[in-house]
Amino acid sequence: MRILYDHQIFNEQVFGGISRYFYEIIREFELDKDIDISSSIVLSNNHYIENSNFIKARPFFPRTSFAGKMMIQSSINKIYAINKLKKGDFDIFHPTYYDPYFIKYLGKKPFIITVHDMIHEKFKDMFHYKDKITERKKYLVKKAAKIIVVSENTKEDLINIFNIDESKIEVVYHGNSMLPPLKNKMLEDTPEKFILFIGTREVYKNFITFIRAITPLLNNDKNLSVVCVGGGKFKKKELALFKSLKINKSLYQYSLNDEKLGQFYRNALLFVFPSLYEGFGLPILESFACECPVACSNNSSMPEIAGDAAFYFDPNSEESILAAIESLLTNEKLRINLLEKARERLKLFTWGEAAKKTKSIYESIL
């Protein structure tokens, strides 16, 4: 069985859940003698594949930014992808994102698409009116031989929003990639007592509501901080808000690789995930792996993934968020109980199992 993956998400992401997903699946398949893997990735600055021996890609000015850089990189990758598609030396094509460029070159070969979430559809106002993700996603899921989704919740969203036949959709959970670090000294100039927030701070991530909710805690305990990892430096509006709430000295932002991120999980008092929506929520598994207690929203896929191993709150209620975080900070027995459940919960999510289910889906359409 020959599977061809394309370049799309490895062109777009240096770090990110979707490129992590494809990297891990391909890595698992490299160990399977029944599957012959190939890809159309020529140029990429993606962190996960930079030292890979099974995806041969060259870096493209990784430390330099210039106008048109992404477009040039994408164009070169796409030319190579089209040539591989024309040759037809594959049984199934699995694009890594939603650009439908490949359709006219597939012939009668089937393709499978993975849908990671329905954020573009649920939070339309976040995106530019010319954004084509929804249009392209809808077109591809209609034409795909099978659709992989990463949670039952995303499956339900896909059915309700795009009216897709349920029999065409298969759920394949992510695995965990985070290795638990030793609890050791943190980087210099980092707080010792902190709550962890991971990822972007866009509207649906609910960061501002979270910050407003915990302001009383930060004002009452000047040794307590919030550490934000990823998402870029704080914006002027965010800094102005922190100053107005008198918590500007209690917030930190870092950009970290996985090894250092693991240390932050391991040393945090707890990880808070206040999103209004998640297609899966990889940071939940990362927290579990690093023995970091989790407080998260009670919506979308999060209860499905975290099960009984997280403490839940209503993300639309500052009072609910505050009460949940206070409970975890002050109740050591609750924290220990959640960590015990997290260790068991984590066993349900492995990349080996994800690859096994994905292989079964491939086989079902050949």
Side-chain angles (χ1 to χ4, degrees), residues 176-187 190-199 205-207 209-230 247 250-252 254 256 258 260-275 278 280-315 317-349:
N176 167 59
S177 306
M178 183 68 67
L179 297 175
L182 297 173
K183 190 163 187 175
N184 53 14
K185 186 178 179 181
M186 297 287 288
L187 301 172
T190 55
E192 293 185 8
K193 184 179 178 183
F194 64 93
I195 295 167
L196 187 61
F197 180 94
I198 300 291
K205 291 294 188 178
N206 208 30
F207 175 71
T209 300
F210 158 63
I211 289 300
R212 290 187 181 278
I214 65 166
T215 292
L217 291 177
L218 299 176
N219 282 327
N220 290 335
D221 184 352
K222 295 301 181 181
N223 293 318
L224 179 64
S225 301
V226 173
V227 166
C228 300
V229 176
I247 58 171
S250 300
L251 285 107
Y252 298 78
Y254 302 92
L256 306 171
D258 280 0
K260 291 178 181 176
L261 174 58
Q263 292 174 0
F264 274 70
Y265 275 122
R266 187 70 180 87
N267 286 274
L269 295 173
L270 68 151
F271 164 63
V272 180
F273 208 14
S275 291
E278 291 291 331
F280 182 87
L282 271 175
I284 292 173
L285 300 188
E286 293 174 347
S287 294
F288 288 175
C290 297
E291 299 184 356
C292 178
V294 176
C296 66
S297 301
N298 60 4
N299 62 15
S300 61
S301 64
M302 285 174 276
E304 179 184 347
I305 305 307
D308 62 353
F311 198 85
Y312 295 99
F313 53 74
D314 176 358
S317 166
E318 292 182 18
E319 293 78 12
S320 180
I321 296 171
L322 177 60
I325 293 172
E326 280 187 311
S327 294
L328 270 179
L329 288 176
T330 59
N331 190 332
E332 184 66 19
K333 185 176 180 180
L334 173 61
R335 292 161 58 85
I336 293 171
N337 183 43
L338 288 179
L339 290 177
E340 289 174 352
K341 291 178 178 178
R343 281 189 283 271
E344 292 303 309
R345 188 75 184 165
L346 192 62
K347 295 175 183 177
L348 302 177
F349 302 93

- Message: Less than 4.5 Å apart, side chain to side chain, heavy atoms only: is that true for Phe280 and Leu285?
- Response: yes
- Got a second to check how far Ser300's OG is from Ile305's CD1, nearest 0.5 Å? 9.5 Å
- N/O donor-acceptor pair under 3.5 Å between Asn206 side chain and Thr209 backbone: no
- Query: To the nearest 0.5 Å, how far apart are SG in Cys228 and CD1 in Ile198?
  - Reply: 8.5 Å
- Query: Which residues pass the side chain to side chain contact (heavy atoms under 4.5 Å, CB included) test with Ala306, sequence neighbours left out?
  - Reply: Ile284, Phe288, Ala310, Tyr312
- Within a strict 4.5 Å, meaning less than it, do heavy atoms of the Tyr254 and Leu261 side chains meet? no
- Query: Above 12 or not: heavy atoms from other molecules or residues under 6.0 Å from NZ of Lys222?
  - Reply: yes
- Item | Asn299/Met302 under side chain to side chain contact (heavy atoms under 4.5 Å, CB included): CA gap, chis, key distance, verdict | CA-CA 6 Å; Asn299 62 15; Met302 285 174 276; 2.9 Å; yes
- Message: Could you check whether any side-chain N or O of Ser250 sits under 3.5 Å from a backbone N or O of Ser225, counting only pairs where one atom can act as donor and the other as acceptor?
- Response: no
- Note on the structure: In short, Leu270 meets Cys292 closest at the heavy-atom pair C-SG, 3.6 Å
- Is the shortest heavy-atom distance from the side chain of Val272 to the side chain of Leu196 under 4.5 Å? no
- Item | Aromatic contact, Phe273 with Phe271 (centres under 6.0 Å) | yes
- Message: Does this structure show an ion pair linking Lys205 with Glu278, if we count only N-O contacts that are shorter than 4.0 Å?
- Response: yes
- salt bridge (Lys or Arg N to Asp or Glu O under 4.0 Å) between Arg345 and Asp308, intermediate numbers included: CA-CA 8 Å; Arg345 188 75 184 165; Asp308 62 353; 5.8 Å; no
- Residues forming a ring-ring contact (aromatic ring centres under 6.0 Å, His included) with Phe207, sequence neighbours excluded: Phe197
- Query: Out of curiosity, Ser287 OG to Leu338 CG, how far, rounded to the nearest 0.5 Å?
  - Reply: 11.5 Å
- Side-chain donor or acceptor of Ser297 paired with backbone N/O of Pro315 under 3.5 Å: no
- Report yes if the side chains of Leu334 and Ser327 come closer than 4.5 Å at any heavy-atom pair, otherwise no. yes
- Message: With a 4.5 Å cut-off on side-chain heavy atoms, are Arg335 and Asn331 touching?
- Response: no
- Item | Verdict with supporting geometry, Asn176 and Phe349, side chain to side chain contact (heavy atoms under 4.5 Å, CB included) | CA-CA 6 Å; Asn176 167 59; Phe349 302 93; 5.5 Å; no
- State the CG-CG distance between Asn223 and Leu218, to the nearest 0.5 angstrom. 11.5 Å
- Query: Tell me, do Phe311 and Pro293 make a side-chain contact under 4.5 Å, heavy atoms counted?
  - Reply: no
- Message: Would you compute the distance between atom CD1 of Ile247 and atom CG of Leu217 and round it to the nearest 0.5 angstrom?
- Response: 10.5 Å
- Task: Given side chain to side chain contact (heavy atoms under 4.5 Å, CB included), test Lys333 with Asn337 step by step and report yes or no.
- Result: CA-CA 6 Å; Lys333 185 176 180 180; Asn337 183 43; 5.7 Å; no
- Taking every non-hydrogen atom, the tightest pair across Arg266 and Cys290: CD-O, 3.1 Å
- Got Phe313 and Pro274 here, is their nearest side-chain heavy-atom distance under 4.5 Å? yes
- Do other residues, nucleotides or ligands put more than 12 heavy atoms under 6.0 Å from Leu179 CG? no
- Inter-residue atom distance Ile321.CD1 - Glu326.CD, 0.5 Å rounding: 12.5 Å
- Query: Are any non-hydrogen side-chain atoms of Leu256 and Phe264 less than 4.5 angstrom apart?
  - Reply: yes
- Message: With side chain to side chain contact (heavy atoms under 4.5 Å, CB included) as the criterion, how do Val229 and Lys260 come out once you've worked through the C-alpha distance, each side chain's angles and the decisive distance to 0.1 Å?
- Response: CA-CA 10 Å; Val229 176; Lys260 291 178 181 176; over 6 Å; no
